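Before any comments, here is the structure.
Everything numeric in this text was worked out from a predicted model, so none of it was measured. Sequence positions, counted from 1, serve as the residue numbers for this chain. One-based numbering, in listed order, for ligands and for the atoms of each.
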Amino acid sequence: MLRPENVEICFLILLLDQFRSMDIIENKAAIRKFVKPWKDQGFSVGLVPTMGALHTGHMQLVRESLRVNDKTVCSIFVNPLQFNNQVDLDKYPNTIDQDLQLLEDEGCDLVFTPKAEAFYEGVIPVSYDFGVLGEVMEAENRPGHFEGVAAVIKELFHSINPSRAYFGEKDYQQLAIIRWLVDKQNLSIEVIPCRTIRSKSGLALSSRNLRLSEVGLTKAAEIYKMLNFTRSNKSNYTPQELKEKALTELARNFEVEYFEIIDEETFGRVEEWNETKCPRAFVAARIEDVRLIDNLSLNP
Ligand code: AMP
């Protein structure tokens, strides 16, 4: 039976919860110290790595982590090692105050906001052989990008030691790289994929969209239209014909880096539809000097 003194305690806990503030930590050693007691007490910890300028796509990952784990950590770090283009790095949007407010409102427990110099102090660069993952699309067009991604994720995983880590399918090849890393390093971290969140026009949400004009945003929606066209026309054309159509169509408004139809498990290029059970179309294209990427499963 709930006794009056217990009711008072419950009320007090609820009241304190209202004022529970989110912790923010900048230092790797400090975050390790902060999170360790959680793990020692048997709490599950979800990690959501981001580069900030948070939008609904990121918040979906945070919500999913909050739903499943006892504690949720979000990292905000524009990782210089994964940028092969200095202008892209310099222009990367920063909305840190708004990001922290969003995370606090959502109920995130801890935010990690490291500074690059301290974060990588003493870290020895490692080169990886990602196999075919390291040869196509993002790897081919952004040399060093996935080495940078692997470096940041490895440090985050070692500092926070999460039970689960959340990644968006929008960066599908990155998701595969993270799975590869977890597998190679034998880490007991569950990698959780989350679907791509899009605006009404179909454009995949991205922090880089903040750099587009109204006209650019409207034109950028063509990317999703072309991905959908590819999916709807599988029975009418070969993969190569659809690729050529997409490249021609997109070239009207974009500088296209690639449009590929790939087996989403092997990352091998699909020449014939009967070669694969899980074809996926991938695109990278620039508009108004902003590089956008997207992908879509070609299965119904
Ligand atoms: P970023 O801040 O761009 O590095 O993204 C951080 C995480 O959010 C990555 O796992 C992304 O794949 C994911 N993400 C970014 N945009 C979206 C989106 N529109 N839908 C789902 N996940 C996303």
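Residue contact check: P49 has heavy atoms under 4.0 Å from atoms 6 (C), 7 (C) of ligand 1. Against a heavy-atom cut-off of under 4.0 Å, T196 is close to the following atoms of ligand 1: 20 (N), 21 (C). Atom numbering of ligand 1 starts at 1 in the shown order; those under 4.0 Å from a heavy atom of M51 are 1 (P), 2 (O), 4 (O). Close contacts of ligand 1 with T50, meaning ligand atoms under 4.0 Å from a residue heavy atom, involve 2 (O), 6 (C). Atoms of ligand 1 found under 4.0 Å from any heavy atom of L205, numbered from 1 in the order shown, are 16 (N), 17 (C), 18 (C), 19 (N). Here is the list of ligand 1 atoms found below 4.0 Å of a heavy atom in D171: 11 (C), 12 (O). For ligand 1 and Q60, the ligand atoms under 4.0 Å from any heavy atom of the residue are 21 (C). Residue-ligand proximity, L61 to ligand 1, at heavy-atom distances under 4.0 Å covers atoms 7 (C), 8 (O), 10 (O), 13 (C).
Residue contacts with ligand 1: F167 is placed with no nitrogen or oxygen under 3.5 Å of a nitrogen or oxygen of the ligand (distance criterion only). Note: an N/O pair closer than 3.5 Å links I197 and ligand 1 by distance alone.
Looking only at protein heavy atoms, the nearest one to atom 15 (C) of ligand 1 is H55 CE1, 3.9 Å. Counting protein heavy atoms only, atom 5 (O) of ligand 1 is closest to H58 NE2, 3.4 Å. Ranking protein heavy atoms by distance to atom 10 (O) of ligand 1, first place goes to G168 N, 2.9 Å.
A donor-acceptor contact closer than 3.5 angstrom is absent between the side chains of D97 and Q101. Donor-acceptor pairing under 3.5 Å is lacking for the side chains of Q60 and E64.
Taking the salt bridge (charged side-chain N to carboxylate O under 4.0 Å, His left out) definition, one finds that E249 meets it with R252, sequence neighbours left out.
Both tests hold for R280 against Y172: distance to the six-membered ring centre under 6.0 Å, angle to the ring axis within 45°. Under a cutoff of 6.0 Å and an axis angle of 45°, K28 and F119 form a cation-pi pair.
Ligand 1 is approached by R195 to a heavy-atom distance shorter than 4.0 Å.
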Can you give the donor-acceptor pairs under 3.5 Å from side chains of residues 222-231 to other protein atoms, not counting sequence neighbours?
residue : atom : partner : partner atom : Å
T230    : OG1  : M226    : O            : 2.7
R231    : NH1  : S297    : O            : 3.4
R231    : NH1  : N299    : O            : 3.4

